[in-house]
Amino acid sequence: MDGNGRWAQRRALPRTAGHQAAETTVIDIIEAARAAGVEWLSLYAFSTENWNRPGTEVNYLMRLVRRVVRKHAPMLLARGIRCRILGAADPRIPRELAQDFDDLSTLTADNRGMTLTIAFDHGGRRDIVEAARSLIRSGTLADEVTERRFADHLPFPDTPDVDLVIRTSGEQRISNFMLWQVAYAEWVFPEVLWPDFRAPDFLACLHTYRRRDRRYGGVTPQTNGDPS
């Protein structure tokens, strides 16, 4: 969800105004994804690297996220959306926000509609390291390690591999997002800044995804020279 700062800068506003404006987009995209039949939606809200931002901005984001979670929890429950928090391991996260995350997960745990994963204080490399540590602690022998067994030690192992990554504002990098799960993801890089991103933009990305030819390293039967 990129472009909050640039959105504010273009309007001669503080960066915090861009983060605040992004709340509307978050709710709009959650609703659009649910209406479109998306079963798993992940929002990359705060990375392990985002701790390097100025303390005033980080503190504002913590307060903003807490307000958004508390404000919209009843809607998420009513819509049948199950919420999960991916990350949230750093002790610098305010205790009150960590509790709100736990409460949201508990509140919506029995929902069977769309699963919404909020990646907060998330880092793909950290997840992989923690999975390796978990494997070692479980006594798994080196020759017994498979991709499936390794994935079982990642956070929320029932989460399917990512099909589509949408990165707004034209940025084109992974930024440590779900590194294991995005191995065969399709990527779309709309130029629109996140606070201006709306349901029609999201649906256009889904349309682009549906037009992609996903071969997972293989070839289609129509390819010249195919032995079949």
Side-chain angles (χ1 to χ4, degrees), residues 1-4 19 21-47 64-88 97-124 127 151-152 154-168 174-175 177-190 192 194-212 214:
M1 301 185 289
D2 248 355
N4 295 352
H19 297 314
E23 176 185 349
T24 300
T25 302
V26 167
I27 301 306
D28 196 52
I29 298 312
I30 291 173
E31 294 278 28
R34 176 176 169 273
V38 173
E39 296 181 0
W40 297 81
L41 176 69
S42 300
L43 299 177
Y44 200 4
F46 192 87
S47 73
L64 175 65
V65 170
R66 187 174 187 221
R67 181 180 65 79
V68 170
V69 167
R70 294 172 68 87
K71 176 181 177 181
H72 297 288
M75 178 274 289
L76 296 168
L77 176 63
R79 298 287 193 276
I81 297 173
R82 177 177 60 167
C83 299
R84 291 174 163 181
I85 312 300
L86 177 63
L97 177 56
Q99 185 61 58
D100 286 338
F101 282 152
D102 287 343
D103 290 346
L104 179 64
S105 299
T106 301
L107 178 70
T108 63
D110 293 331
N111 285 348
R112 291 296 177 263
M114 183 177 73
T115 296
L116 171 64
T117 300
I118 303 171
F120 192 91
D121 181 39
H122 163 66
D127 285 352
D152 285 342
L154 290 167
F156 305 125
D158 61 326
T159 302
D161 284 346
V162 176
D163 292 312
L164 171 65
V165 180
I166 301 169
R167 181 155 190 171
T168 57
I174 299 175
S175 293
F177 175 66
M178 287 188 173
L179 295 181
W180 181 274
Q181 296 91 337
V182 301
Y184 279 99
E186 298 289 329
W187 294 74
V188 178
F189 304 104
V192 62
W194 177 251
D196 292 328
F197 196 74
R198 289 294 181 269
D201 303 298
F202 178 75
L203 295 176
C205 292
L206 294 187
H207 180 67
T208 297
Y209 167 77
R210 292 187 182 109
R211 295 173 60 190
R212 299 279 178 90
R214 289 171 62 74

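Just so you know, these numbers use all the heavy atoms, side chains as well, and skip hydrogens, waters and symmetry mates.
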Carefully, step by step, assess D163 and W40 under the rule side-chain contact (heavy atoms from CB on, under 4.5 Å).
CA-CA 10 Å; D163 292 312; W40 297 81; over 6 Å; no

Step by step, would you call I30 with V26 a side-chain contact (heavy atoms from CB on, under 4.5 Å)?
CA-CA 6 Å; I30 291 173; V26 167; 3.9 Å; yes

Applying side-chain contact (heavy atoms from CB on, under 4.5 Å), run through S175 and R167 and close with a yes or a no.
CA-CA 10 Å; S175 293; R167 181 155 190 171; 2.7 Å; yes

Chi angles and distances behind the side-chain contact (heavy atoms from CB on, under 4.5 Å) call for V188, Y209:
CA-CA 8 Å; V188 178; Y209 167 77; 5.5 Å; no

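With rounding to the nearest 0.5 angstrom, the NE2 atom of H72 is 14.5 Å from the CG atom of L77. How far CZ of R66 is from CG of L97: 7.5 Å, rounded to the nearest 0.5 Å. Taking CG from L206 and CD1 from I166, the interatomic distance works out to 6.0 Å, rounded to the nearest 0.5 Å. Here I81 contributes atom CD1 and N111 contributes atom CG; the two are 8.0 Å apart, rounded to the nearest 0.5 Å. Distance check, rounded to the nearest 0.5 Å: CD of E23 to CG of L64 gives 6.5 Å. Summarising the geometry, atom CD belonging to E186 is positioned 13.5 Å from atom CZ belonging to R210; distances are rounded to the nearest 0.5 Å.
Between F46 and F120, the ring planes lie parallel to each other; the angle is under 30°, not in the 30° to 60° tilted range.
If you run side chain to side chain contact (heavy atoms under 4.5 Å, CB included) between R198 and each of D28, L203, V192, I29, only D28 comes through.
When atom types are taken as modelled, the side chain of Y44 and the backbone of H122 share a donor-acceptor pair closer than 3.5 angstrom. At distances below 3.5 Å, at least one donor-acceptor pair connects side-chain atoms of T168 with backbone N or O atoms of D2.
Taking both residues in full, the closest heavy atoms of A185 and R214 are given as C-NH1, 4.2 Å, listed atom of the first, atom of the second, then distance. Shortest non-hydrogen contact noted between N4 and H19 is ND2-ND1, 3.1 Å. Between A45 and M1 the shortest heavy-atom distance is CA-CE, 3.7 Å. Heavy-atom minimum distance, C205 versus L164: O-CD2, 4.0 Å. The nearest pair of heavy atoms linking A88 to F101 is CB-CD1, 4.2 Å. Between A151 and P157, the shortest heavy-atom distance links the atoms O-CB, 3.6 Å.
Contact of the T24 side chain with the P195 side chain is not registered, since no non-hydrogen atoms from C-beta on lie closer than 4.5 Å. Two residues are said to be in side-chain contact when any heavy atoms from C-beta on lie closer than 4.5 Å; P190 and D201 fail this criterion. For the pair L116/L43, a side-chain contact is recorded, criterion being any heavy-atom separation below 4.5 Å from C-beta on. Side-chain contact between I118 and L104: present, with at least one pair of heavy atoms (C-beta onward) separated by less than 4.5 Å. Between L154 and W180, some side-chain heavy-atom pair lies under the 4.5 Å cut-off. L86 has its side chain within reach of D127: a pair of non-hydrogen atoms, C-beta onward, lies under 4.5 Å apart.
In F156, the CZ atom is crowded: over 12 heavy atoms of neighbouring residues, nucleotides or ligands sit closer than 6.0 Å. Within a 6.0 Å sphere centred on CZ of R211, other residues, nucleotides and ligands contribute 12 heavy atoms or fewer.
With sequence neighbours left out, E31 forms a side chain to side chain contact (heavy atoms under 4.5 Å, CB included) with I27, R34, M75, R79.
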